Visitor: 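Shown below is the structure under consideration.
Start at 1 with the first residue, then count along the sequence. Every value quoted in this text rests on a predicted model; they were computed, and no experiment measured them.
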Amino acid sequence: MAIVLLTSGATLGTHVPALILAGRLRALGIEVRVDVFERLLRADELDRLRTAKRAFRDNFKLAVAAQRMVRDQAPALDETAVDALLDRWRAADVDQLVIFSGFWVPVVERYEATAAGPTRVDICHLDAASTASFNLFRSRTEHYRHVWMFDAERGTAPTSIRVGDEEPVPWARREHRLLAHGGGWGLGTYRSRAADLARAGLLVDVVTHDPADVADLPPGCRAFMIDPGWEAWQDGGFPPFGEILADGTVRYRRGHTHHDSFDLARHRVAMLCKTGGGTLIDSLWSATPIVLLAPFGAHEQVNADLWRRLGYGVTEQEWRDSGYSLDLLESLHRNLLTAREGTTDYAAELAARATQAEVPG
């Protein structure tokens with residue numbers, strides 16, 4: 001028997017937390033595998049996904065509008081690939097599935113209908129509100145166990161996927177720099193906002209996704225890059241990541257337990273970004289506050305409102321009005337240190353349930 005984590009490489013804010021969870025489960029002695037939804041898509045659908053990724057990075061408004069038109073991806077699946085996957089699950093007697101993307105729901109239903117025994121299914125919500133893919137199948141997932149990383153109503157982080165084992169870097173040891181990024185696809189207004197802050201005299205590290213992005217960065221910005229050729233459905237590890245050197249080359253490296261950009265976040269005074277669920281997890285475990293940028297859809301707006309209300313983030317305008325106060329950011333950092341206390345470790349909880357399920361009787 002094994003636990004299978006069902007993720008999507010279309011968004012690293014979904015995929016990377018699943019990889020982190022898988023590593024933590026293996027460290028606890030649990031057999032686990034990660035399956036990526038895009039491995040089931042037909043080749044022509046993957047080409048459409050790559051085209052959309054480029055278009056959305058260039059036009060954030062288009063990306064936001066497209067999210068409102070999300071559809072069931074079942075018609076885009078390669079049936080041969082789906083059948084092969086279901087055969088592997090049945091052969092392994094998989095009895096625990098954790099869904100990180102709603103697009104997996106129809107595939108899981110097919111497995112449940114043919115599995116030898118009952119299957120436990122968790123819906124893992126990385127955001128404080130249901131995302132578009134889960135909203136597609138809301139009525140069909142009511143009987144599953146829903147696990148929320150963030151509770152917007154109560155203002156808590158009841159369960160989480162811990163990133164790394166080190167404690168947050170003390171405030172006095174942090175570089176007075178910001179980390180600006182747009183999530184796994186490089187979406188949003190972060191590059192232009194980072195450039196504006198650099199022109200105002202602030203130091204900013206910018207995560208880019210295309211060598212052409214670097215030319216627009218003013219002095220005060222340092223550029224990093226996620227390998228543009230890397231695709232989650234082609235590779236089982238974390239994305240290659242590195243600093244762009246003066247000659248334009250990049251020395252990529254790859255973390256084994258978590259993504260390398262998290263190590264940057266640990267040493268910075270704030271992240272300048274939109275508020276995807278994976279970013280909230282990074283913020284929590286690095287105790288690095290967020291300077292909040294325009295969200296990608298309604299669920300990220302809920303995330304942003306929650307982070308601001310709890311004192312873990314501040315809008316860019318509010319921070320500008322404060323005179324770019326480091327004291328303000330430090331107060332948010334201290335709030336995040338407190339927020340980490342009492343959070344249930346999802347990996348430990350899943351491992352305990354898996355162990356109990358293996359005990360006869």
Side-chain angles (χ1 to χ4, degrees), residues 1-9 11-40 80-126 141 143-149 159-165 231-239 254-259 262 277-278 281 285 343-361:
M1 292 186 286
I3 295 176
V4 178
L5 310 182
L6 303 177
T7 183
S8 168
T11 162
L12 294 191
T14 297
H15 184 62
V16 166
L19 292 180
I20 294 169
L21 177 61
R24 300 192 75 84
L25 285 168
R26 292 185 186 111
L28 293 170
I30 302 300
E31 181 184 353
V32 61
R33 61 173 289 154
V34 177
D35 283 318
V36 184
F37 183 77
E38 287 71 23
R39 291 174 186 157
L40 303 181
T80 300
V82 175
D83 289 341
L85 178 67
L86 297 179
D87 287 343
R88 286 197 297 272
W89 289 357
R90 284 189 288 265
D93 195 20
V94 171
D95 65 350
Q96 170 76 71
L97 297 166
V98 180
I99 302 177
F100 286 84
S101 168
F103 294 129
W104 276 103
V105 171
V107 178
V108 170
E109 290 174 335
R110 288 170 62 173
Y111 177 67
E112 289 181 293
T114 59
T119 305
R120 292 168 291 135
V121 180
D122 280 5
I123 301 288
C124 184
H125 295 277
L126 300 175
T141 62
H143 61 294
Y144 296 146
R145 189 176 81 125
H146 289 253
V147 179
W148 292 87
M149 301 290 107
T159 304
S160 195
I161 299 168
R162 180 174 180 130
V163 186
D165 292 316
E231 293 177 330
W233 51 91
Q234 302 284 358
D235 185 292
F238 291 99
R254 307 173 61 128
H256 297 292
T257 62
H258 58 271
H259 48 308
F262 178 75
I281 292 173
W285 291 106
T343 297
T344 298
D345 182 342
Y346 188 39
E349 194 259 359
L350 267 179
R353 292 178 73 224
T355 302
Q356 291 169 2
E358 292 176 357
V359 177

Visitor: How long is the straight-line distance from OG1 of T14 back to CZ of F103, given to the nearest 0.5 Å?
Guide: 10.0 Å

Visitor: Hey, does V16 have a side-chain heavy atom less than 4.5 Å from the side chain of P239?
Guide: yes

Visitor: How many angstroms lie between CD1 in I99 and OH in Y144, if you round to the nearest 0.5 Å?
Guide: 5.5 Å

Visitor: Heavy-atom distance under 4.5 Å between the side chains of L350 and Q96, does that happen here?
Guide: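 They are in contact (side-chain heavy atoms under 4.5 Å apart), so the answer is yes.
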
Visitor: Under a 4.5 Å cut-off applied to non-hydrogen side-chain atoms, are R353 and R145 in contact?
Guide: yes

Visitor: Contact between T141 and H146 at the side-chain level, heavy atoms closer than 4.5 Å - yes or no?
Guide: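 They are in side-chain contact.
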
Visitor: Does any N or O in the side chain of Y111 come within less than 3.5 Å of the main-chain N or O of V94, such that one atom is a donor and the other an acceptor?
Guide: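 Flag set: sc Y111 to bb V94 pair under 3.5 Å.
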
Visitor: Scan V98, L97, V36 and name whichever one has a side-chain contact (heavy atoms from CB on, under 4.5 Å) with L5.
Guide: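 Going through the options one by one, the only one that passes is V98.
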
Visitor: Which residues satisfy the ring-ring contact (aromatic ring centres under 6.0 Å, His included) test with W285, sequence neighbours excluded?
Guide: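 Applying ring-ring contact (aromatic ring centres under 6.0 Å, His included) to W285 gives none.
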
Visitor: Could you grab the distance from atom CH2 of W148 to atom CD1 of I123, nearest 0.5 Å is fine?
Guide: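 Rounded to the nearest 0.5 Å, the CH2-CD1 separation comes out at 10.0 Å.
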
Visitor: Are the side chains of V121 and H143 in contact, using a 4.5 Å heavy-atom criterion?
Guide: no

Visitor: Side-chain contact test, heavy atoms from C-beta onward, threshold under 4.5 Å: evaluate it for M149 versus Y346 and give yes or no.
Guide: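 Yes. Closest side-chain heavy atoms under 4.5 Å.
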
Visitor: Considering all heavy atoms of both residues, which atom of G9 and which atom of E38 are nearest to each other, and what is their separation?
Guide: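 Scanning both residues completely, I find the closest heavy atoms to be N-OE1, 2.7 Å.
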
Visitor: To the nearest 0.5 angstrom, please state how far the CZ atom of R33 sits from the CG atom of L6.
Guide: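 Answer for the CZ-CG pair, R33 versus L6, is 9.5 Å.
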
Visitor: Ignoring hydrogens, what is the shortest heavy-atom contact between I3 and I30? Give both atom names and the distance.
Guide: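 Of all heavy-atom pairs spanning I3 and I30, the closest is CD1-CG2, 3.7 Å.
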
Visitor: With the side chain counted from C-beta on, respond yes when V82 and R110 share a heavy-atom pair under 4.5 Å apart, and no when they do not.
Guide: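 Yes, close enough: below the 4.5 Å cut-off.
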
Visitor: If we only count heavy atoms from C-beta on, is the R90 to L86 side-chain gap below 4.5 Å?
Guide: yes

Visitor: Please report the interatomic distance CG(L126) to CD1(I161), rounded to the nearest 0.5 Å.
Guide: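 That separation rounds to 5.5 Å.
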
Visitor: Could you tell me which non-hydrogen atom of L12 sits nearest to which non-hydrogen atom of P17, and how far apart they are?
Guide: O-CD, 3.5 Å

Visitor: Taking only residues two or more places apart in sequence or in another chain, which ones pass ring-ring contact (aromatic ring centres under 6.0 Å, His included) with F238?
Guide: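 ring-ring contact (aromatic ring centres under 6.0 Å, His included) check on F238 returns nothing, list empty.
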
Visitor: Answer yes if the side chains of W104 and D35 hold a donor-acceptor pair under 3.5 Å, and no otherwise.
Guide: no

